[in-house]
Trainee: 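Sharing a structure with you now.
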There are 2 protein chains.
Amino acid sequence: MKTEDTRSDIMQAALDLIVEQGFHGAPVAEIAEKAGVAAGTIYRYFVSKDFLITELHRELEEKIVAVVQESYPSERPLRERFLYLIRELLRYFITNPLHFRYMEQYYNSPYGISLHRDRLLGKPGNQDILMDIFEQGIDQQVLKELPKAILFSLSFGSLISLMRDHILGFIVLDEALIKQTTEACWDAIKR
Amino acid sequence: MKTEDTRSDIMQAALDLIVEQGFHGAPVAEIAEKAGVAAGTIYRYFVSKDFLITELHRELEEKIVAVVQESYPSERPLRERFLYLIRELLRYFITNPLHFRYMEQYYNSPYGISLHRDRLLGKPGNQDILMDIFEQGIDQQVLKELPKAILFSLSFGSLISLMRDHILGFIVLDEALIKQTTEACWDAIKR
DNA sequence: GCAAAATGAGTGAATACTCATTCATGGGAG
DNA sequence: CTCCCATGAATGAGTATTCACTCATTTTGC
């Protein structure tokens with residue numbers, strides 16, 4: 001087996017187990033077993049379990065940002081760009097529910113708390129795109145005149161809650177509902 | 001010391017530690033030390049650490065429901081009742097940030113996941129009040145015609161996100177902002 | 001003086017991580 | 001083509017630590 005495969009086998013096993021049982025319900029030995037390697041092998045690829053956990057987060061985020069940025073219609077009107085963003089994010093997580101649940105768990109743990117500030121203040125990545133939308137929206141008097149962090153909560157807070165309910169099976173978001181709900185997110189921030 | 005005090009000392013210590021360090025960052029020994037009792041004493045009041053954790057959640061929820069239901073203007077118009085609910089919830093958690101962070105952590109863990117379904121489908125408690133509002137709102141064509149679970153996400157998802165940001169210090173919600181943002185929550189679900 | 005409450009050292013189970021050893025692979029010599 | 005060997009990947013039993021929980025003993029308060 002190529003070493004790259006081993007590495008991603010380990011990550012996949014960790015993702016599965018952690019999503020299902022939480023960080024402390026996923027001992028290294030079990031991750032190893034699920035990945036089909038010995039426990040020691042994990043330490044050839046990750047210096048510690050903590051590192052594995054943060055690395056998993058980092059790579060997932062990278063992938064998500066890439067997907068959402070791809071074919072982002074940067075020349076289209078504000079509303080359209082905004083709807084594009086949240087629709088693609090919804091679609092991504094609906095297709096990759098484990099990724100969503102992992103990210104949620106990560107942010108809601110000692111690991112993720114320090115990251116939150118960076119996100120809101122706009123690190124490189126899709127957050128910049130979003131902050132641009134908010135900024136222009138306020139300038140053009142299309143959006144409510146509220147701090148950007150609040151616009152973020154008003155729109156993405158809903159979205160995340162929706163995704164969770166869909167992924168946990170409490171609701172089913174079909175195409176029609178996705179359209180309606182993403183527009184409702186827009187309604188929350190439009191003037 | 002009266003035994004009731006001991007019990008609540010233990011709960012308070014657990015709350016503080018768990019909020020700060022997470023469930024597995026709060027060993028029984030440390031909770032005991034912070035509460036000013038010996039480790040063994042905890043087991044006179046709670047059969048296990050797990051029980052302490054779920055009990056803490058249960059009592060916090062009880063308290064929150066009581067506060068929000070108190071002086072709920074059940075005879076006033078829909079919009080007013082809705083705004084009352086979310087404003088009071090915001091106020092409660094702003095006053096008791098540790099309670100918010102504990103609840104968040106709890107729901108986002110193996111403990112809380114089973115509870116979520118009950119909430120959305122309307123257990124006794126403030127959720128019933130909320131579901132009534134949604135039901136009537138749809139009947140009276142005041143609210144968007146969407147599943148109640150979705151209306152919940154659209155309004156309370158934002159709210160929770162807002163609270164988190166305020167409590168973690170990323171934004172400051174003063175009275176004016178509370179008014180604006182709770183109204184924005186309404187905008188997300190109104191027709 | 002006794003019952004209830006509190007104690008905290010002790011126990012066993014779980015877990016992250018180590019490291020001496022084994023195994024697999026590919027390429028070069030014959 | 002075959003054999004051999006070097007290199008680095010993989011192994012998994014072992015270690016040190018941590019933690020929830022127990023219980024024989026002490027303290028408290030009535």
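The sequence lines fix the lettering, A, B, ..., with proteins before strands; numbering per chain opens at 1.
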Trainee: What residues form a side-chain contact (heavy atoms from CB on, under 4.5 Å) with Lys63(B), not counting sequence neighbours?
Mentor: Tyr92(B), His99(B)

Trainee: Could you tell me the separation between the CG atom of Asp9(B) and the P atom of dA6(C), rounded to a whole number of Å?
Mentor: 10 Å

Trainee: Can you see whether Ser158(B) engages Ser158(A) through a side-chain donor-acceptor pair at a distance of less than 3.5 angstrom?
Mentor: yes

Trainee: Return the value, rounded to whole Å, for the distance between atom CZ of Arg44(B) and atom P of dA3(C).
Mentor: 15 Å

Trainee: I need the CG-C1' distance between Asp5(B) and dG29(D), as an integer number of Å.
Mentor: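 Checked: the CG to C1' distance equals 15 Å.
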
Trainee: Checking Glu70(A) now: which residues fulfil salt bridge (charged side-chain N to carboxylate O under 4.0 Å, His left out) with it, not counting sequence neighbours?
Mentor: none

Trainee: What pairs of residues pass the side-chain hydrogen bond (donor to acceptor under 3.5 Å, both in side chains) test when at least one of them lies in residues 19-29 of chain B, not counting sequence neighbours?
Mentor: His24(A)-His24(B), Gln21(B)-Glu30(B)

Trainee: Sequence neighbours left out, what passes ring pair (Phe, Tyr, Trp, His ring centres under 6.0 Å) with Phe51(B)? Give chain and number order.
Mentor: none

Trainee: Spell out protein contact along nucleotides 13-24 of chain D as letters: B when the base is contacted, S when just the sugar-phosphate is, - when no protein heavy atom is under 4.0 Å; keep the 5' to 3' order.
Mentor: -------SBB--

Trainee: Please enumerate all residues that pass ring pair (Phe, Tyr, Trp, His ring centres under 6.0 Å) together with Phe156(A), with sequence neighbours excluded.
Mentor: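 Ring pair (Phe, Tyr, Trp, His ring centres under 6.0 Å) list for Phe156(A), sorted by chain: Phe152(A).
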
Trainee: If I take atom CD1 in residue Ile31(A) and atom C1' in nucleotide dG12(D), what distance separates them, rounded to the nearest angstrom?
Mentor: 17 Å

Trainee: Rounded off to whole Å, could you give me the CG-to-C1' distance for the Leu17(A) and dT15(C) pair?
Mentor: 15 Å

Trainee: Strictly below 4.0 Å: does Thr6(B) bring a side-chain N or O up to OP1 or OP2 of dA6(C)?
Mentor: yes

